[in-house]
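All remarks here apply to the structure that follows.
As the structure lists them, so they are numbered: ligands from 1, and atoms in each ligand from 1. Treat the numbers as computed from the prediction; the structure is a model and nothing was measured. Residue numbers run from 1 in the order of the sequence given.
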Amino acid sequence: MTTRTVIEGCAIATVDAAQTEYRDGHVVIEGQRIVAIGEGLAPEAAVGGAESRRIDGRGLLATPGLVNCHHHLYQWATRGLAQQATLFEWLVELYPVWALIDADTCWAAARAGLAALACSGCSASTDHHYVFPRGAGDLLEVEIGAAASVGVRFHPCRGSMDLGHKDGGLPPDEVVEDRDAILAASDAAISRFHDPSPGALVRIALAPCSPFSVTPGLMTDAAELARRRGVRLHTHLAETLDEEQFCQERFGVRPVDYLDDLGWLGDDVWLAHCVHLDDAEIARFGATGTGVAHCPNSNARLGAGIAPVAGLVGAGVPVGLGVDGAASNEDGGLASEMRAALQFARLAGGPQALTARQALARATIDGARCLGRDEELGSLEVGKLADVALWRLDGLEGAGIEDPVAALVFGSTQTVELLLVGGRAIVEGGELRTADEAHVAVEIARASQRLAAKAQARV
Ligand SMILES: [Zn+2]
């Protein structure tokens with residue numbers, strides 16, 4: 001018998017195209033999908049028999065599960081380092097440590113990072129894994145296993161670097177791979193893990209790392225492979241002025257021109273950061289449907305600048321949110337990115353630059369657009385997958401704020417009360433149900449210490 005879940009008595013922000021909201025509504029879920037949603041109690045016909053699971057939603061706000069569009073999960077094992085560094089300084093300090101990661105590091109880090117995301121209301125996440133030390137095994141397989149154990153929907157990117165220091169790139173030569181090996185591994189990852197079917201829990205994207213760590217040849221070949229196999233493309237772009245200077249010196253163009261020349265603007269591409277764009281570049285993103293993963297907390301941590309989110313949204317660009325790697329965002333939760341996106345947009349452009357509802361849309365439907373899943377995810381509508389976050393707003397953090405969306409985005413709510421992924425409860429009562437948080441914390445503490453010891457022994 002199909003499991004039916006009935007949630008009643010909650011406020012609901014659907015984030016559908018009409019921005020429909022209910023003050024006191026219901027959501028009914030059958031199997032993996034939403035079968036009814038609206039104001040008041042659920043209709044008898046939708047509720048079903050006594051076997052239905054009933055959830056009392058009083059004091060709660062239902063939103064779509066949040067979607068994380070940029071991460072480097074392995075970095076959970078190197079948090080708190082290079083605290084005053086710019087991006088390039090931070091990378092140069094951390095690359096040699098990352099060269100020592102192994103399957104145990106990646107397992108512990110992915111479990112910790114995804115557990116933190118789930119507790120912050122994130123039901124679907126990407127990851128951008130681009131460090132594959134020789135002999136470390138299939139680290140993509142490891143993190144896909146970790147995501148299955150936590151229970152979130154997962155869109156990992158097979159990342160890559162092939163431009164080492166000796167060829168003018170930023171990373172040391174020991175952490176880059178051969179281009180042919182990268183393409184073969186990328187092709188194999190798609191064959192093994194990519195699930196194009198409706199309701200998929202795992203999909204693959206291809207993601208050469210950045211202009212200063214990847215050759216133009218790999219960028220072109222990766223785009224050709226991704227388009228031939230029907231998967232999406234992702235990379236870092238325009239994160240810092242150092243990168244802009246690198247592109248001017250090496251390629252004679254700005255970062256967006258560089259990508260455009262390589263055939264990398266399009267509606268199958270989403271790009272992390274995009275802090276340093278001019279108006280013409282924003283317009284080109286809008287015209288081509290290129291998506292952006294806005295990572296405000298990481299940009300703040302590294303002092304990179306504030307991305308022009310209001311301008312991008314105004315140009316019709318899908319702007320999702322990303323936590324970025326935990327080594328440049330030790331928080332690692334997505335609810336706090338929503339608040340940071342709102343505040344940073346206002347610091348740059350005044351109090352009307354981004355509304356609470358626009359911030360929620362960044363964290364939900366536009367995140368789904370970036371991952372190519374907006375027909376199934378990112379809003380609460382009949383027929384969509386039941387990825388639902390329920391936030392408690394009657395506690396100290398939210399009580400007394402009349403507008404529930406304002407309470408969520410302006411307020412300090414960080415931990416989700418209930419998180420459903422395809423109707424399955426991953427977080428309940430504010431606690432992770434699929435793994436023991438204390439055990440996950442012990443695992444990552446051990447993995448971080450082991451990695452630090454290996455790095456120390458090599459110095
Ligand atoms: Zn990143």
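Ring pair H129/Y74 is perpendicular by interplanar angle, where above 60° counts as perpendicular and below 30° as parallel.
Under 3.5 Å, the side chains of S191 and R229 contain a donor-acceptor pair of N or O atoms. In the model, H70 has a side-chain atom that pairs as donor or acceptor with a side-chain atom of H236 under 3.5 Å.
Among heteroatoms of the N, O or S kind in D324, OD1 lies nearest the Zn ion (ligand 1).
Just one of R301, H273, R339, E337 meets the side chain to side chain contact (heavy atoms under 4.5 Å, CB included) condition when paired with P296; it is E337.
For a distance bound of 2.8 Å, the N, O or S atoms of H71 include none lying that close to the Zn ion (ligand 1).
Centred on the Zn ion (ligand 1), the angle running from H236 (NE2) to H72 (NE2) is recorded as 90°, rounding to 10°.
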